[in-house]
Protein chains: 2
Amino acid sequence: MAQDRRSGCPINLTLEQLGDRWSLIVIRDVMFGNRRSYGELLSGNEEGIASNILADRLKRLVATGLMTRSPDPSHRQKGIYSLTEAGIQIVPLLAQMCAWGLDHTDPSPLLSVRAKLLVAGGPEMWDALMQELRHLHLGAPEPERSVFKEVRAAYEAAKAP
Amino acid sequence: MAQDRRSGCPINLTLEQLGDRWSLIVIRDVMFGNRRSYGELLSGNEEGIASNILADRLKRLVATGLMTRSPDPSHRQKGIYSLTEAGIQIVPLLAQMCAWGLDHTDPSPLLSVRAKLLVAGGPEMWDALMQELRHLHLGAPEPERSVFKEVRAAYEAAKAP
DNA sequence: ATTGACCGCTTGCGAAATGCAAGTGGCATC
DNA sequence: GATGCCACTTGCATTTCGCAAGCGGTCAAT
């Protein structure tokens, strides 16, 4: 019963966990938007995710070990969602999706700014981002380089030139 | 009407094209298994894709420019599916999915052999594979290095030691 | 020309996922 | 203790998925 899967191929198994139209969107928002609660994720989402879908995906991501949910001390009802190490290691995957999307879809110029930077930065930048995420989500020491700051600066510069 | 999309984010746009449980499976089989016709894809598929889903995905992949369909001279009814350049550039994405799947799912040892090799080979190997795919699918000159051969050799060695 | 096997793809239909809108109930604040 | 907020559910219509069966064109043998 533990093995209810279509095949043991790693590509397939990844697809079984993340192969839908919303899971990676939620991870993207947690990761790059640093949205950590249900409300932030719901109201801030660019694509207009429905509330039940969001609730379902959060539950699933926690169940499959990509995120954890910890209680928010200021609001007992609220939870703070954090990426696990497995979740953080999705960075290169999202980066490749950025790369492909930039080249082969027709993304909006503004939303492409950050993606371009991330793609141009390459694996070094992705590693730095992952370090930073370990700091934000797992309590690791704060790294010197802040990819967030770099990306945000580029975005703001593009938005209001 | 041309723009019927949830957002202009490149990650989202990639997800809108490939974010389901079968599209990338089909691409994987065409790419790594060199299965080029409907029948080969249907009968050879590890995960047991349904015939209507396969037909639908092939249609969609052709429509969105990831593959082309050309007539098979030996069987008038048959088509030969080829990757386009956009399709070939999914290699790094699949490679990252391999990497993540190897680390964070529980893939079968045999099916992991090729994935491990591809991940260990890194971007150079992916580039070589892409060159080879351009030869097989787009008629580019045959490259010296054959990643297919390397991968097949590793697989056979693992299968029957 | 006819038959029969094969093969690419479609159809029908039940089951599941998706998406929208409204609702519920715990929680903090006043 | 009334009010407003917020995390999450529920109901229901629509779409997608998935299985099994079927259909029609093509080829090879006779």
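Source: prediction; values computed, not measured. Order of the sequence lines sets the chain letters (A, B, ...), proteins ahead of strands, with each chain counted from 1.
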**Request:** Please figure out whether A/R60 or B/D56 has its closest DNA chain C nucleotide nearer the 5' end.
**Result:** B/D56
**Item:** Spacing of A/N52 atom CG relative to D/dA13 atom C1', expressed in whole Å
**Value:** 13 Å
**Request:** Ignoring the backbone of B/A50, work out which of C/dT10, D/dC19, C/dA21 is nearest its side chain.
**Result:** D/dC19
**Prompt:** Between C/dG8 atom C1' and B/R36 atom CZ, what is the distance in whole Å?
**Reply:** 17 Å
**Request:** Report which part of the nucleic acid A/S43 touches: base, sugar-phosphate, or nothing (heavy-atom distance under 4.0 Å, all strands).
**Result:** nothing
**Message:** Tell me if the CZ atom of A/R152 is crowded by more than 12 foreign heavy atoms within 6.0 Å.
**Reply:** no
**Request:** Could you pick out which residue, A/L58 or B/Q77, lies toward the 5' side of DNA chain D when each is mapped onto its nearest nucleotide?
**Result:** A/L58
**Prompt:** Hey, does the side chain of A/K59 come within less than 4.0 Å of D/dT9's phosphate (OP1/OP2), counting only N and O?
**Reply:** yes
**Prompt:** For the pair made of CD1 in A/I25 and P in C/dT18, what is the distance, rounded to whole Å?
**Reply:** 13 Å
**Request:** State which of D/dT26, D/dC8, D/dA7 makes the closest approach to the side chain of A/S37.
**Result:** D/dA7
**Message:** Quick one, A/E16 with A/R6, criterion salt bridge (charged side-chain N to carboxylate O under 4.0 Å, His left out). Give me CA distance, side-chain angles, the key distance, then yes/no.
**Reply:** CA-CA 8 Å; A/E16 289 195 32; A/R6 304 187 300 193; 3.6 Å; yes
**Out of C/dA28, D/dC19, C/dG26, whichever nucleotide has its closest atom nearest the side chain of A/H75** = C/dA28
**Complete:** Taken to the nearest whole Å, CG/B/D20 to C1'/C/dT18 is 14 Å
**Request:** Side chain of A/Y38 only, please: which of C/dA28, D/dT9, D/dC6 is the nearest?
**Result:** D/dT9
**Request:** Have a look at B/R6 and say if it touches a base, only the backbone sugar-phosphate, or nothing, with a 4.0 Å heavy-atom cut-off.
**Result:** nothing
**Message:** I need the CG-C1' distance between B/D72 and D/dG25, as an integer number of Å.
**Reply:** 15 Å
**Item:** B/K78 side-chain N/O to D/dG25 phosphate OP1/OP2 under 4.0 Å
**Value:** no
**Request:** Quickly work out the A/R57 CZ to D/dA7 P distance and round it to whole Å.
**Result:** 19 Å
**Asked** Does B/W22 have a side-chain nitrogen or oxygen under 4.0 Å from the phosphate oxygens OP1 or OP2 of D/dT16?
**Response** no
**Fill in**
Quick note, A/R69 side chain, CB onward, closest among C/dC9, D/dC8, D/dA7 is D/dC8
**Asked** Atom CD1 of B/I80 and atom P of C/dC9: how far apart are they, to the nearest Å?
**Response** 12 Å
**Request:** Might you work through the salt bridge (charged side-chain N to carboxylate O under 4.0 Å, His left out) test for B/R36 and B/D72, ending with a clear yes or no?
**Result:** CA-CA 10 Å; B/R36 304 293 290 276; B/D72 182 333; over 6 Å; no
**Prompt:** Under the salt bridge (charged side-chain N to carboxylate O under 4.0 Å, His left out) criterion, do B/R134 and B/E85 qualify, and how do the steps go?
**Reply:** CA-CA 7 Å; B/R134 286 187 191 101; B/E85 178 61 29; 2.8 Å; yes
**Asked** Do A/E46 and A/L111 have side-chain heavy atoms sitting under 4.5 Å apart?
**Response** yes
**Request:** Quickly work out the A/I53 CD1 to D/dT14 P distance and round it to whole Å.
**Result:** 17 Å
